[in-house]
Amino acid sequence: MSKDLTNSSLDRKNILNNNIAIQGVYEELGFYGIKFDGKYRFTKQQIAQYFDVDVRTIERILENNKTELEISGYELYTGSKLKAYKEQVFDFVRNAKDKKDVHDINVVNILQLNESELDSLSKTPQLTIFTYKAFLNIGMLLIGSEKAQKLRTAILDIVIDVLNKKLGGKTKYINQREEEFLPSVIREYNYRKEFTNSLDFYIVENKFKYSQLTDKIYKSIFKENAKEYRKILNLNSKESVRSTMYSEVLDLISAYENGFANYLKNKSENLNKKLSLSETHLIFSEFEQIMEAFVSPLQEKARSLMASRDLVFRDALHEKLKDYVNEVSSEDFYKFLGKKSMEFEKRLEENKEVFKRLKDR
DNA sequence: GAGCATATTCGTCACAGCAG
DNA sequence: CTGCTGTGACGAATATGCTC
């Protein structure tokens, strides 16, 4: 069941999108590039050398995974861009020799920029250049190279380490770490009141009405009822389901609650009577169809965000949403792990081993 | 613009290691 | 053993920039 970076593009993306962890890998690994256009850059030859494989092997990986590598930062430099890059390299080498800066000299040594290499560089008409991310991406795809194998293990160790440091191992309330959570939860609280008021008013007394209709909303939005959701996130009976939900899901719940409160009101007033719970279930099905026509794009998005984030951050798989699992975006990693997320640190509770399944393979 | 040098892209073949 | 996959070696076609 555990996955392998070499054959799971989703797992690769979920690491490469985590810029915070990538930063940690760069610092620990000691394979330094030349900074150009804001990013560290490496040539194909340097990468082949690092992994101790033939250049042809790198090329083949390039042929077979072109789009993935373009996204993570592979480029063919020609023309003015190449010219600018060359100048940057020559500048860099000159400066490094003058300054005797240890880090810079390291770079020169690692990149093996000796006289003849520089000479041929000056003549070259095109050059395949990789960013650090693309370099790691290559490492994740190279099967035969022993160094790539070691790199993969190192990456996973560092990614797990960085995540643990950022989270302190606590992921249950990671949803609360983004700025949007608080306003969403407050809005939802108000719409929830509308909803329960409406149920009180227009449905005959029945002690199951709140929970049953709330479950209907949950199922409509993310296919699970509260009980199933609790089980997947491992919540005990005292922990509130909603306090673990992402703002996008909460907003959608608000929309359903508000919409249904009004829909039920109209129905009851038209019929001029209080409704039974079983009648209300039928009414909900009607409402659900209308609602879905409006919100299905948002629903798709919420399902995808919830399923993907929970898999990466909480190591929780929503079986019924497994077709919605996608990569977690670099924006999301920043939102939930970056600087701003820290304001909510005190809310974090309980332990969870993140990315563990990635490690034991 | 022609000719030259060099990198890239890509097809092909042989070989090693490995799983069934 | 056989077939598959990843790899390395070679070479042809193509792209690009430099020099004259």
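Everything quoted here is computed from the prediction, not taken from an experiment. All values below come from the heavy atoms of this structure, side chains included, with hydrogens, waters and symmetry mates left out. Just so it is clear: chains get the letters A, B, ... in the order the sequence lines come, proteins before strands, and each one is counted from 1.
- Listed by first and then second residue, the salt bridge (Lys or Arg N to Asp or Glu O under 4.0 Å) pairs involving residues 282-296 of chain A are A:Lys267-A:Glu286 (not counting sequence neighbours).
- In this structure, the CD1 atom of A:Ile143 is 10 Å from the P atom of C:dT5, given to the nearest Å.
- Across residues 51-61 of chain A, A:Val53, A:Asp54, A:Arg56, A:Thr57, A:Arg60 each have a non-hydrogen atom less than 4.0 Å from an atom of DNA chain C (numbered order).
- Here A:Ser247 pairs with A:Glu178 under the side chain to side chain donor-acceptor pair (under 3.5 Å) rule; sequence neighbours left out.
- A cation-pi contact, defined as under 6.0 Å to the ring centre and within 45° of the axis, links A:Arg309 to A:Tyr246.
- Rounded to whole Å, the distance from CG on A:Leu127 to C1' on B:dT6 is 11 Å.
- Listed by chain and residue number, A:Phe222 satisfy the ring-ring contact (aromatic ring centres under 6.0 Å, His included) test with A:Tyr218 (two or more places apart in sequence, or in another chain).
- At a threshold of 4.5 Å between side-chain heavy atoms, the hydrophobic network of Ile, Leu, Val, Met, Phe, Trp and Tyr places A:Leu69 and A:Val55 in two separate groups.
- For A:Lys86, the salt bridge (Lys or Arg N to Asp or Glu O under 4.0 Å) criterion is met by no residue, not counting sequence neighbours.
- Residues in residues 199-227 of chain A take part in no salt bridge (Lys or Arg N to Asp or Glu O under 4.0 Å) pair, two or more places apart or across chains.
- Here the P atom of nucleotide C:dA13 and the CD atom of A:Glu63 are 17 Å apart, to the nearest Å.
- Spacing between atom CG of A:Leu141 and atom P of C:dT7 amounts to 10 Å, rounded to whole angstrom units.
- For the contact set between residues 67-77 of chain A and DNA chain B, defined by any heavy atom under 4.0 Å, the members are A:Tyr74, A:Leu76.
- We find that CD of A:Gln45 is positioned 11 Å from C1' of B:dT6, with the value rounded to whole Å.
- A cation-pi contact, defined as under 6.0 Å to the ring centre and within 45° of the axis, links A:Lys147 to A:Tyr50.
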Pairs under 3.5 Å (N/O, protein and nucleotides 16-20 of chain B):
none

Protein-proximity profile, nucleotides 15-20 of chain C, B/S/- by nucleotide at the 4.0 Å heavy-atom cutoff, equals BBS---
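- Applying the side-chain hydrogen bond (donor to acceptor under 3.5 Å, both in side chains) test to pairs two or more places apart or on separate chains, those with a residue in residues 125-134 of chain A are A:Asn19-A:Lys133.
- Proximity of a side-chain donor or acceptor of A:Ser198 to a complementary backbone N or O of A:Phe195 within less than 3.5 Å is not detected.
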Enumerate, atom names and distances included, each donor-acceptor pair closer than 3.5 Å involving a side-chain atom of residues 74-81 of chain A, sequence neighbours excluded.
| from | atom 1 | to | atom 2 | distance (Å) |
| --- | --- | --- | --- | --- |
| A:Glu75 | OE2 | A:Lys81 | NZ | 2.7 |
| A:Tyr77 | OH | A:Arg41 | NH1 | 3.2 |

Starting from the C-alpha separation in whole Å, work towards a yes-or-no answer on salt bridge (charged side-chain N to carboxylate O under 4.0 Å, His left out) for A:Lys322 and A:Glu319.
CA-CA 5 Å; A:Lys322 67 174 188 297; A:Glu319 185 63 37; 3.2 Å; yes
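- By the salt bridge (Lys or Arg N to Asp or Glu O under 4.0 Å) test, A:Glu70 is found to be paired with no residue, residues two or more places apart in sequence or in another chain being considered.
- Going from atom NZ of A:Lys44 over to atom P of B:dA7 covers 10 Å, rounded to whole Å.
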